[in-house]
Amino acid sequence: MTRVDVLIPTCDRPAALAVTLTGLAGQTFRDIRIVVADQTERADVFAVPEVAAVLRVLRHQRLEVETHRHLPRRGVGENRQFLLDRARAAYAWCLDDDVLCEPDLLARLVRHLDAQRCGFVGCPVTGLTHLDDVRPHQQHLELWTGPVRPEAIGPDAPEVDRHHLHSAANMVHVAQRLGLGNGREALYKVAWIGGCVLYDTAKLRAVGGFEFWRELPREHCGEDVLAQWRVMARFGGAGLLPSGAHHLQLPTTLPNRRADAPRLLPVDEARARGLPA
């Protein structure tokens, strides 16, 4: 059994998916299995030449790859749960379809999750078109100076302001200011992390995973935030610097963001599931 299952939900993004998969082909950590669930309705994304070519390379590298055309669409939360249901490994790397990862990224994430034994460790995705856009007012950083511990965060908690750290290229600038890189790394406190998160699979399942999709309208957002807040409350979570995940900076495939999961559903997963607090 592999140590990490890479779980990629995708929809209407064959070119971006090909780039993301190419980043997996170069990972130095090789004990992985890749599972992709596509919800494109008009075409078979896996037959698009660029995607098919990278899939051939991954399989030629003797990596196990599963591809699913997962229809009908019931929302991104349901697609994430579909992927989680197929996970067999101890760790689940939830990776969006518009993220290019540097070769040592997964190895670094695994090393820190092994050491911390918390719920997740993730890397913020950077927008490198903003390298000249320095924003000191968004760069307040809270480092973990000891073990990663549980944190209770909700939609109106002051810790939510930490999300500004992940805007533009802020995390590149912060890492440079702290002299990180070349083996020097730091874990820090997050509001949430979008696009690149390595979970302890059992801990994500312990808080219900993304099963709450059934309580949301088909068009929703914030499912990753709600799942992370529930994991953080019981097990803790951290961000890793420097980041090795880079956003392709494409338009969102979820333009309707009115149904925000953390504002529609309880963050307290025990209360949400009718369990003792």
Side-chain angles (χ1 to χ4, degrees), residues 2 4-87 89 91-109 122-131 169 172 193-198 219 221 223-224 243-255:
T2 55
V4 176
D5 283 333
V6 188
L7 309 180
I8 305 176
T10 186
C11 184
D12 291 319
R13 278 182 168 169
L17 177 62
V19 172
T20 299
L21 291 172
T22 299
L24 298 181
Q27 290 299 303
T28 58
F29 186 93
R30 307 301 293 170
D31 195 5
I32 65 175
R33 168 174 160 264
I34 302 164
V35 189
V36 187
D38 175 52
Q39 297 199 307
T40 303
E41 294 175 328
R42 299 181 301 277
D44 181 359
V45 161
F46 303 119
V48 172
E50 294 86 348
V51 176
V54 183
L55 291 174
R56 286 194 298 272
V57 170
L58 292 167
R59 289 169 173 142
H60 180 68
Q61 293 179 338
R62 302 196 177 186
L63 295 175
E64 184 179 353
V65 183
E66 283 185 21
T67 59
H68 300 270
R69 291 196 70 197
H70 180 50
L71 296 168
R73 292 174 62 182
R74 299 184 181 91
V76 64
E78 188 273 343
N79 203 18
R80 291 193 190 277
Q81 184 61 42
F82 174 84
L83 287 161
L84 182 58
D85 286 343
R86 276 142 193 83
Y91 292 163
W93 188 16
C94 290
L95 184 65
D96 283 0
D97 64 356
D98 57 352
V99 179
L100 178 59
C101 298
E102 294 181 5
D104 65 343
L105 175 56
L106 182 54
R108 294 169 55 218
L109 291 171
C123 268
V125 295
T126 65
L128 295 183
T129 61
H130 295 275
L131 281 177
V172 176
I193 301 176
C196 178
V197 181
L198 183 69
E219 293 190 35
C221 65
E223 79 297 330
D224 50 348
S243 177
H246 306 292
H247 197 240
L248 301 186
Q249 297 181 254
L250 301 173
T252 181
T253 57
L254 301 171

Donor-acceptor pair, [X] side chain versus [Y] backbone, under 3.5 Å?
| X | Y | result |
| --- | --- | --- |
| Thr40 | Asp12 | yes |
| Glu223 | Val76 | no |
| Gln27 | Gly23 | yes |
| Ser243 | Ala245 | yes |

I need the minimum non-hydrogen distance between [X] and [Y], along with the two atoms involved.
| X | Y | answer |
| --- | --- | --- |
| Arg33 | Arg86 | NH2-O, 3.1 Å |
| Ile32 | Phe29 | CG2-CD2, 3.8 Å |
| Leu71 | Glu41 | CD2-CG, 3.9 Å |
| Val57 | Ala25 | CG1-CB, 4.4 Å |
| Leu83 | Pro9 | CD1-N, 3.4 Å |
| Val125 | Cys196 | CG1-CB, 4.4 Å |

Drop me the distance from Thr129's OG1 to Gln249's CD, to the nearest 0.5 angstrom. 3.5 Å
State the CG-CD1 distance between Leu58 and Ile34, to the nearest 0.5 angstrom.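 The distance works out to 4.5 Å.
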Check the orientation of Phe82 and His70. Use parallel for under 30°, tilted for 30 to 60°, and perpendicular for over 60°. parallel
Do any side-chain atoms of residues 94-107 form donor-acceptor pairs under 3.5 angstrom with protein atoms, and if so which ones, sequence neighbours left out?
{"unit_1": "Asp96", "atom_1": "OD1", "unit_2": "Arg80", "atom_2": "NH2", "d": "3.1"}
{"unit_1": "Asp97", "atom_1": "OD1", "unit_2": "Arg13", "atom_2": "NH1", "d": "2.9"}
{"unit_1": "Asp97", "atom_1": "OD2", "unit_2": "Thr10", "atom_2": "OG1", "d": "2.7"}
{"unit_1": "Asp98", "atom_1": "OD2", "unit_2": "Arg13", "atom_2": "NH1", "d": "3.1"}
{"unit_1": "Asp98", "atom_1": "OD2", "unit_2": "His247", "atom_2": "NE2", "d": "3.0"}
{"unit_1": "Glu102", "atom_1": "OE2", "unit_2": "His246", "atom_2": "NE2", "d": "2.7"}

Apply side chain to side chain contact (heavy atoms under 4.5 Å, CB included) to the pair Arg62 and Arg30, showing each step before the final yes or no. CA-CA 10 Å; Arg62 302 196 177 186; Arg30 307 301 293 170; over 6 Å; no
Considering only heavy atoms from C-beta outward, does the side chain of Leu63 approach that of Leu24 to under 4.5 Å?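 The answer is no, as the side chains (C-beta and beyond) never meet within the 4.5 Å cut-off.
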Under the side-chain contact (heavy atoms from CB on, under 4.5 Å) test against Trp93, which residue among Leu109, Asp5, Ile8, Leu7 passes? Leu109
May I have the step-by-step check of side chain to side chain contact (heavy atoms under 4.5 Å, CB included) for Thr67 and Val51, ending in yes or no? CA-CA 11 Å; Thr67 59; Val51 176; over 6 Å; no
Can you list the residues that meet the salt bridge (Lys or Arg N to Asp or Glu O under 4.0 Å) rule with Arg74, with sequence neighbours excluded?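 Glu78.
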